[in-house]
S.K.: 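Take a look at this one; I'll ask things after.
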There are 2 protein chains.
Amino acid sequence: MSLRHALLGLLTYEPMTGYELKQFFDSSVQHFWNAELSQIYPTLKALEEQGWVDKDVQVQDGRPNRKIYEITPSGRDEFLRWVREPQPPAEMRDPFMIKVFFGADVPVEDMLVLMRRQMDEHGKGLAFCETVLREKVKAVTHHMFTPRHALFWSLTLEMAMAYRRAYIEWCEMSMRLLEESVLEEGPSEHIHRLDHPKRDAG
Amino acid sequence: MSLRHALLGLLTYEPMTGYELKQFFDSSVQHFWNAELSQIYPTLKALEEQGWVDKDVQVQDGRPNRKIYEITPSGRDEFLRWVREPQPPAEMRDPFMIKVFFGADVPVEDMLVLMRRQMDEHGKGLAFCETVLREKVKAVTHHMFTPRHALFWSLTLEMAMAYRRAYIEWCEMSMRLLEESVLEEGPSEHIHRLDHPKRDAG
DNA sequence: TTACCCATGTAACCCGTTACATGATTTT
DNA sequence: AAAATCATGTAACGGGTTACATGGGTAA
């Protein structure tokens with residue numbers, strides 16, 4: 001589980017409550033990671049049991065007490081240990097690829113609709129990175145963090161954008177190939193293959 | 001869960017046992033999806049309860065009976081329904097990006113080592129796609145499947161390769177930027193920031 | 001004789017999401 | 001008056017991995 005370490009990482013910036021961590025999360029790493037409060041609270045508890053964070057309770061009335069978590073020295077050690085530990089490469093796990101893989105048995109028009117939609121969605125994601133998130137990185141530099149922090153933040157942003165650009169380009173190429181294949185084979189050939197895919201092969 | 005539908009998809013090719021499905025899985029979609037036998041067996045059971053597959057038991061002695069699963073008409077319907085259903089875009093969820101995000105507090109040399117390793121691993125993955133998998137797609141076309149199937153298979157392969165190329169390029173760019181930043185700031189500045197990251201900011 | 005292939009499964013555990021529960025304060 | 005913010009959590013469920021259990025046949 002990387003959530004533990006993501007939380008430790010955020011707590012190296014400053015002590016925070018679970019609620020604040022969630023907000024920080026959403027406003028900083030949301031383009032490549034996210035977490036729900038229902039997962040954050042138990043994880044903080046586990047972190048405390050491990051001795052990697054300390055808890056300071058601020059009593060409130062009318063609402064639940066604020067529990068402010070602060071990273072301990074051993075928490076910092078653990079975090080740095082984890083960061084330097086080799087990380088196996090993230091593998092793709094994309095349900096859309098399953099659909100494409102079996103796309104030969106589906107009307108081409110439907111596949112084109114699906115791909116167009118993927119392209120649009122990734123386009124939106126890319127636009128969001130290029131505007132909102134890019135501005136956020138710029139803004140944050142002038143407040144609490146060094147240019148050095150901004151460098152690393154923007155590297156993660158670049159990766160998110162590179163991924164989406166690659167996806168979009170792939171969609172474009174795929175759609176072009178599919179349209180060409182329709183011209184070559186005729187538009188409705190797939191219908192014959194729907195029931196007995198193998199018999200039509202030879 | 002897409003595993004149900006991935007299995008249904010494979011069963012549109014021909015009836016198979018769980019064991020054979022696993023092998024087919026490993027040899028066809030392993031570059032963007034995978035599944036363990038311990039997950040496949042219960043899923044087949046669920047598929048059968050849904051009426052999407054039929055089971056034919058081939059009694060054997062000395063080893064467990066072969067249970068050959070065949071997709072039913074309603075299974076085919078369900079599969080086609082699922083394929084055409086809109087698919088939300090797969091989001092990145094990459095633990096390595098967390099490490100990069102917090103990379104400002106780690107010695108640059110360590111970050112460079114980590115990135116080099118990611119680059120190598122993704123390079124290996126890319127090489128595997130370009131040789132083994134590409135050959136497999138070519139080979140399979142001549143046996144059981146149409147050129148049309150080969151087209152869709154190779155699209156998924158292209159996506160896997162595009163992803164890895166994008167990752168590798170990002171690693172190269174990041175390493176370049178990090179090396180430049182060392183020259184500008186001096187190699188060991190980070191050490192001062194390790195304990196009190198915020199105090200050094202202003 | 002060591003290891004891999006065949007062939008099935010169960011149980012425990014890990015990580016994550018969604019739904020449920022509470023309820024005052026502030027903004028629209 | 002409705003909705004969002006603050007602030008904590010629990011419970012149920014979904015999906016996936018690892019470990020455990022069995023055990024004959026075959027290839028290196």
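Below, all heavy atoms of this structure are taken into account, side chains as well, without hydrogens, waters or symmetry copies. Below, read A as the first sequence line, B as the second, and so on, with proteins coming before strands; counting in each chain starts at 1. Bear in mind that the values here come from a model prediction, so they are computed numbers and not experimental data.
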S.K.: Take atom NZ of B:Lys55 and atom C1' of C:dA7, then tell me their distance rounded to the nearest Å.
M.R.: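 Taking NZ of B:Lys55 and C1' of C:dA7, I get 14 Å after rounding.
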
S.K.: Is there a donor on the side chain of B:Ser38 or the base of D:dT17 sitting less than 3.5 Å from an acceptor on the other?
M.R.: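 Per atom types, no contact qualifies.
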
S.K.: Mind calculating the distance between CD (A:Glu36) and P (D:dG14) to the nearest angstrom?
M.R.: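 Value for this atom pair: 17 Å.
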
S.K.: Nearest whole angstrom, please: distance from the C1' of C:dG16 to the CH2 of A:Trp33.
M.R.: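 Taking CH2 of A:Trp33 and C1' of C:dG16, I get 10 Å after rounding.
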
S.K.: Which is more 5' along DNA chain C, the nucleotide nearest A:Pro64 or the one nearest B:Leu37? Just name the residue.
M.R.: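 Of the two residues, B:Leu37 wins.
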
S.K.: In this structure, how many angstroms lie between the P atom of D:dC6 and the CG atom of A:Asn65, rounded?
M.R.: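 These atoms are roughly 17 Å apart.
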
S.K.: So does B:Asn34 get a side-chain nitrogen or oxygen closer than 4.0 Å to the phosphate oxygens (OP1/OP2) of D:dT17?
M.R.: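 True: B:Asn34 side-chain N/O within range (under 4.0 Å) of D:dT17 OP1/OP2.
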
S.K.: Can you tell me how the ring of B:Tyr13 sits relative to the ring of A:Phe102, calling it parallel under 30°, perpendicular over 60° and tilted otherwise?
M.R.: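 Taking A:Phe102 first and then B:Tyr13, their aromatic rings sit tilted (interplane angle of 30° to 60°).
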
S.K.: Under 4.0 Å between a side-chain N or O of A:Gln39 and OP1 or OP2 of C:dC15?
M.R.: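 So the side-chain polar atoms of A:Gln39 never come under 4.0 Å of the phosphate oxygens OP1 or OP2 of C:dC15.
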
S.K.: What is the distance from CG of B:Asp26 to P of D:dT17, rounded to the nearest Å?
M.R.: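 Taking atom P of D:dT17 as the reference, CG of B:Asp26 is at 11 Å.
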
S.K.: For B:Leu3 and D:dG14, give me the distance from atom CG to atom C1', rounded to whole Å.
M.R.: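 Taking CG of B:Leu3 and C1' of D:dG14, I get 12 Å after rounding.
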
S.K.: Calculate the interatomic distance between B:Tyr41 atom OH and C:dG9 atom P; express it in whole Å.
M.R.: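 Taking atom P of C:dG9 as the reference, OH of B:Tyr41 is at 7 Å.
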
S.K.: How do A:Glu20 and B:Arg4 order along DNA chain D: which one's closest nucleotide is nearer the 5' end?
M.R.: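 Looking at DNA chain D, the more 5' nearest nucleotide goes with A:Glu20.
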
S.K.: Would you classify A:Asp61 as touching base, sugar-phosphate or nothing, given that sugar-phosphate means primed atoms plus P, OP1 and OP2, and contacts are heavy atoms under 4.0 Å?
M.R.: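 Since no nucleic acid heavy atom lies under 4.0 Å of A:Asp61, the category is nothing.
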
S.K.: Look at the aromatic rings of A:Phe145 and A:Trp153 and report parallel, tilted or perpendicular, splitting at 30° and 60°.
M.R.: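 Rings of A:Phe145 and A:Trp153: tilted, as their planes differ by 30° to 60°.
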
S.K.: Of all the nucleotides listed (D:dT8, C:dG9, D:dA7), which has the minimum atom distance to the side chain of A:Arg63?
M.R.: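 That would be D:dA7.
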
S.K.: Does B:Asp120 pair with B:Lys124 as a salt bridge, N-O distance under 4.0 Å?
M.R.: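 Salt bridge between B:Asp120 and B:Lys124, a charged N being under 4.0 Å from a carboxylate O: no.
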
S.K.: Nearest whole Å is fine: how far is C:dC6 C1' from B:Gln60 CD?
M.R.: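 Whole-Å distance recorded here is 8 Å.
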
S.K.: Select base, sugar-phosphate, or nothing to describe what B:Arg66 touches, counting heavy atoms under 4.0 Å on all strands.
M.R.: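 B:Arg66: backbone/sugar contact only, no base atoms under 4.0 Å.
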
S.K.: Assign A:Thr17 to base, sugar-phosphate, or nothing according to its heavy-atom contacts below 4.0 angstrom with the strands shown.
M.R.: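 Sugar-phosphate, no base atom in range.
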
S.K.: Would one find more than 12 heavy atoms of other residues, nucleotides or ligands at under 6.0 Å from atom NZ of B:Lys136?
M.R.: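 For B:Lys136, atom NZ is crowded (more than 12 foreign heavy atoms under 6.0 Å).
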
S.K.: Could you check if a side-chain atom of B:Phe96 sits within less than 4.5 angstrom of a side-chain atom of B:Leu114, using non-hydrogen atoms only?
M.R.: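 When only atoms from C-beta onward are counted, B:Leu114 and B:Phe96 do touch, with a gap below 4.5 Å.
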
S.K.: Would one find a side-chain N or O of A:Lys22 under 4.0 angstrom from OP1 or OP2 of D:dC6?
M.R.: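 No, outside the criterion.
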
S.K.: Pick base, sugar-phosphate or nothing for A:Gln23, based on heavy-atom distances below 4.0 Å to the nucleic acid.
M.R.: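 Answer is sugar-phosphate: A:Gln23 comes under 4.0 Å of backbone atoms only.
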
S.K.: C:dC5, D:dC6, D:dG9: which one has an atom nearest the side-chain heavy atoms of B:Tyr19?
M.R.: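 Minimum distance to the B:Tyr19 side chain belongs to C:dC5.
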
S.K.: For B:Arg93, report the nucleic acid contact type (base, sugar-phosphate, nothing); a contact means any heavy atom under 4.0 Å.
M.R.: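 B:Arg93: backbone/sugar contact only, no base atoms under 4.0 Å.
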
S.K.: Answer yes when B:Arg176 and B:Glu179 have at least one side-chain N-carboxylate O distance shorter than 4.0 Å, and no when they do not.
M.R.: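 Salt bridge flag = no for B:Glu179 with B:Arg176.
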
